[in-house]
There are 2 protein chains.
Amino acid sequence: MSEVASQTYTRADEAFDCLQTAIVKGDLVPGEKIGEVELCSRFNLTRGPLREALGRLESRGLLVRRPHAGVKVVSVSAEELMELYRIRETMEGLAARQAAERMTDEEIADLHATLDSHEQMIEQAQGQAYYQAEGDYDFHHRIATGSRNTKLAQMLLGDLYYMVRMYRYRLSTSSGRPHMALGEHRRIAEAIAQRDGELAEFLMKRHINAARQNIERKIKEGALTI
Amino acid sequence: MSEVASQTYTRADEAFDCLQTAIVKGDLVPGEKIGEVELCSRFNLTRGPLREALGRLESRGLLVRRPHAGVKVVSVSAEELMELYRIRETMEGLAARQAAERMTDEEIADLHATLDSHEQMIEQAQGQAYYQAEGDYDFHHRIATGSRNTKLAQMLLGDLYYMVRMYRYRLSTSSGRPHMALGEHRRIAEAIAQRDGELAEFLMKRHINAARQNIERKIKEGALTI
DNA sequence: AAAGTCACTATTGTTGACAATTTATGTCTG
DNA sequence: CAGACATAAATTGTCAACAATAGTGACTTT
């Protein structure tokens with residue numbers, strides 16, 4: 001449990017990771033007030049590092065804190081979730097364009113290999129939403145880092161993806177359209193391989209827009225309640 | 001010094017604000033290592049709240065922390081500053097579009113009033129870069145909040161603007177083109193008043209792109225060294 | 001009986017002391 | 001003389017006790 005993962009791993013980092021995954025996985029329910037001592041006993045931490053982690057998480061918008069009144073996980077409305085996708089649309093469009101201009105040939109090869117393994121996973125574990133979601137995350141992760149835009153990657157990976165993943169877990173369905181999403185991923189990867197930044201941006205924006213509309217439709221159908 | 005500004009203002013908040021402004025104003029030099037005890041004596045704080053604030057600032061990307069090795073203000077290269085502007089271009093474009101769709105008539109009136117006062121300030125204090133920069137910030141701030149996109153506003157106001165302002169202070173010149181920028185602001189405000197989201201987005205993107213090119217040119221001329 | 005006020009409790013914010021780690025310095029050896 | 005190892009000092013990470021605040025409940029008053 002306490003191996004030296006990379007360099008030194010401080011208690012505050014541990015607390016941060018624990019809480020973040022707990023929030024993303026839904027173990028910590030949004031809106032519900034959670035006490036510090038309860039969190040400490042639950043994750044075997046002491047209050048010092050915990051408070052430091054709480055500060056970080058508050059800064060990232062995953063939880064809100066009122067002085068002397070406790071901490072609670074942020075609860076996002078359906079409208080706000082849609083707004084999140086609108087932000088992703090523009091930012092990941094930029095990321096795709098810059099990735100097309102800057103990714104190394106090796107990274108592009110890895111991107112294709114990633115998609116191959118995703119295809120296999122989809123065929124094997126048909127309907128396993130979990131693998132879809134993780135595969136989707138993997139693809140977008142590679143493009144964000146491939147943009148070579150430090151701040152952009154930081155904002156996407158550090159802020160937006162965690163909030164989106166939080167709702168993926170809660171909705172338990174990533175998109176419900178694995179083959180279609182995979183095809184869209186392939187086309188984006190091809191555009192990047194051809195160094196066509198404009199096309200990659202266009203396709204990425206359309207891809208995320210489609211995912212947003214898909215979720216919006218499901219919410220309107222009443223299949224998903226937030 | 002310790003008035004009750006709004007509700008309750010905790011020591012950690014105080015530390016956060018102090019450090020943030022110190023970083024933005026350049027009192028804390030990027031790259032230089034700063035000890036915790038030194039910061040404590042400098043801002044009359046104790047290490048607990050300070051560390052909490054450090055965690056928040058690290059999470060926002062204003063400083064980097066290596067375990068047991070201290071804290072230093074992040075140093076951003078010229079290329080990274082340009083990347084920051086590319087992010088702003090897309091995100092503020094989105095903000096302008098949504099602001100055109102969602103701002104209230106009152107907010108739009110305020111926006112125009114703001115630009116009027118900026119015009120006066122530019123005429124009166126000709127060449128005072130400080131007022132320009134603050135005025136520019138004010139304008140973009142109003143549009144970010146006017147977008148009614150909570151996360152978008154949070155990312156722009158909480159993450160990007162502080163980094164940009166940090167370099168504005170250090171470069172001491174916001175753009176050096178006050179009248180031109182004001183005209184661009186006016187056109188954006190008009191597009192918003194006409195509820196023309198597409199146009200507002202286009203104009204905002206062009207506005208930020210122009211600002212980026214202006215800084216890029218000055219850096220290449222050697223007038224600004226980062 | 002209802003509403004407002006006061007006191008109490010539980011939780012958060014803060015502090016200072018203690019432990020762990022990194023870095024730098026100094027010495028020893030090749 | 002240079003490099004590496006070990007030791008020591010200074011700085012950071014962690015902990016547990018103390019102080020302050022907000023929320024809650026009961027009591028009094030109108």
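In the text below, chain A, chain B and the rest are named by the order of the sequence lines, each starting its count at 1. On a predicted model such as this, the values are computed, not experimentally measured, just so you know.
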Using whole Å, what does the distance between atom [atom2] of nucleotide [N] and atom [atom1] of [X] come to?
{"X": "B:Asp13", "N": "C:dT14", "atom1": "CG", "atom2": "C1'", "answer": "13 Å"}
{"X": "A:Leu54", "N": "C:dT11", "atom1": "CG", "atom2": "P", "answer": "16 Å"}
{"X": "B:Glu14", "N": "C:dT14", "atom1": "CD", "atom2": "C1'", "answer": "13 Å"}

Under a 4.0 Å heavy-atom criterion, the protein footprint on nucleotides 8-15 of chain D, written with B, S and -, is ----BBBS

Taking only residues two or more places apart in sequence, or in another chain, which ones meet A:Glu201 in a salt bridge (Lys or Arg N to Asp or Glu O under 4.0 Å)?
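Result, salt bridge (Lys or Arg N to Asp or Glu O under 4.0 Å) vs A:Glu201: A:Arg97.
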
Checklist line | Side-chain donor or acceptor of B:Tyr167 paired with backbone N/O of B:Val76 under 3.5 Å | finding: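 Confirmed, B:Tyr167 side chain pairs with B:Val76 backbone.
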
| field | side chain to side chain contact (heavy atoms under 4.5 Å, CB included) partners of A:Ala12, counting only residues at least two apart | value |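 Side chain to side chain contact (heavy atoms under 4.5 Å, CB included) check on A:Ala12 returns A:Thr10, A:Pro49, A:Glu52, A:Arg56.
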
Review point. Would you say A:Arg195 and A:Ile108 make side-chain contact, with heavy atoms under 4.5 Å?
Key: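 Answer yes - side chains close enough.
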
If we check side chain to side chain donor-acceptor pair (under 3.5 Å) with A:Asn149, which of these qualifies: B:Arg86, B:Glu79, B:Glu83?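 For A:Asn149, the side chain to side chain donor-acceptor pair (under 3.5 Å) check succeeds only for B:Glu83.
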
